[in-house]
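Here is the structure we will look at.
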Amino acid sequence: MTNWITIITFIYPHEAHMAKGVLESEGVAVFIKDEMTAQVNNFYSTAIGGVKLLVNEEDQEKALQILEEAGYI
């Protein structure tokens, strides 16, 4: 069973997709949560805690390092 954990949140879905592309290019499996809610109305994004980028728990450290090197963190 895979444990997905949130490693970073974004206000806009396109920002999450850009970070997702960076992680996937390094072989990290990524899932985006609450994307559609934020697309319906951008003001909802803040209310629900943003668009969440999730990775497998065992990939957490690698993903955080990649995002830091890419300038997301």
Side-chain angles (χ1 to χ4, degrees):
M1 188 166 118
T2 303
N3 280 338
W4 293 94
I5 58 168
T6 302
I7 58 165
I8 191 168
T9 60
F10 298 94
I11 299 295
Y12 302 109
H14 71 274
E15 297 170 326
H17 278 281
M18 292 175 65
K20 179 183 178 188
V22 170
L23 290 172
E24 287 180 335
S25 72
E26 296 289 334
V28 177
V30 182
F31 177 75
I32 295 178
K33 184 177 177 184
D34 295 329
E35 170 186 11
M36 295 301 172
T37 305
Q39 284 183 347
V40 169
N41 187 332
N42 286 339
F43 295 114
Y44 292 162
S45 183
T46 304
I48 62 171
V51 179
K52 297 154 191 80
L53 197 69
L54 293 89
V55 299
N56 293 325
E57 191 171 26
E58 60 267 7
D59 291 333
Q60 177 183 8
E61 288 184 36
K62 180 180 178 182
L64 288 172
Q65 181 181 1
I66 293 167
L67 290 175
E68 187 174 351
E69 289 172 1
Y72 286 97
I73 297 175

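Position 1 is the first residue of the sequence, and the numbers go up from there.
- In this structure E24 satisfies the salt bridge (charged side-chain N to carboxylate O under 4.0 Å, His left out) test together with K20, sequence neighbours excluded.
- Summarising the hydrophobic clusters (Ile, Leu, Val, Met, Phe, Trp, Tyr; side-chain heavy atoms under 4.5 Å, direct or chained), the residues clustered with I11 are Y12.
- I48 belongs to no hydrophobic cluster, as no Ile, Leu, Val, Met, Phe, Trp or Tyr side chain comes under 4.5 Å of its own.
- The side chain to side chain donor-acceptor pair (under 3.5 Å) search around E69 returns Q65, not counting sequence neighbours.
- Grouping Ile, Leu, Val, Met, Phe, Trp and Tyr by side-chain contacts under 4.5 Å, direct or through others, puts L54 with W4, F31.
- Contact detail for V51 and A38: the closest heavy-atom pair is CG2-CB, 3.6 Å.
- In this structure, F43 stands alone, with no Ile, Leu, Val, Met, Phe, Trp or Tyr side-chain heavy atom under 4.5 Å from its own, directly or through other members.
- In this view, Q39 and P13, E35, M36 satisfy the side-chain contact (heavy atoms from CB on, under 4.5 Å) rule, not counting sequence neighbours.
- In this structure, Y72 OH and M18 CE are separated by 4.5 Å, a value rounded to the nearest 0.5 Å.
- Between the CD1 atom in I32 and the OG1 atom in T9 there is a gap of 12.5 Å [rounded to 0.5 Å].
- Within the structure, salt bridge (charged side-chain N to carboxylate O under 4.0 Å, His left out) pairs that include any residue of residues 38-47 do not occur (at least two apart or interchain).
- Evaluation of the side-chain hydrogen bond (donor to acceptor under 3.5 Å, both in side chains) test over residues 48-61, restricted to residues two or more places apart or in two chains, returns N3-E57, D34-K52.
- Judged as a side-chain contact (heavy atoms from CB on, under 4.5 Å), and not counting sequence neighbours, the contacts of A63 are I7, L23, V28, V55.
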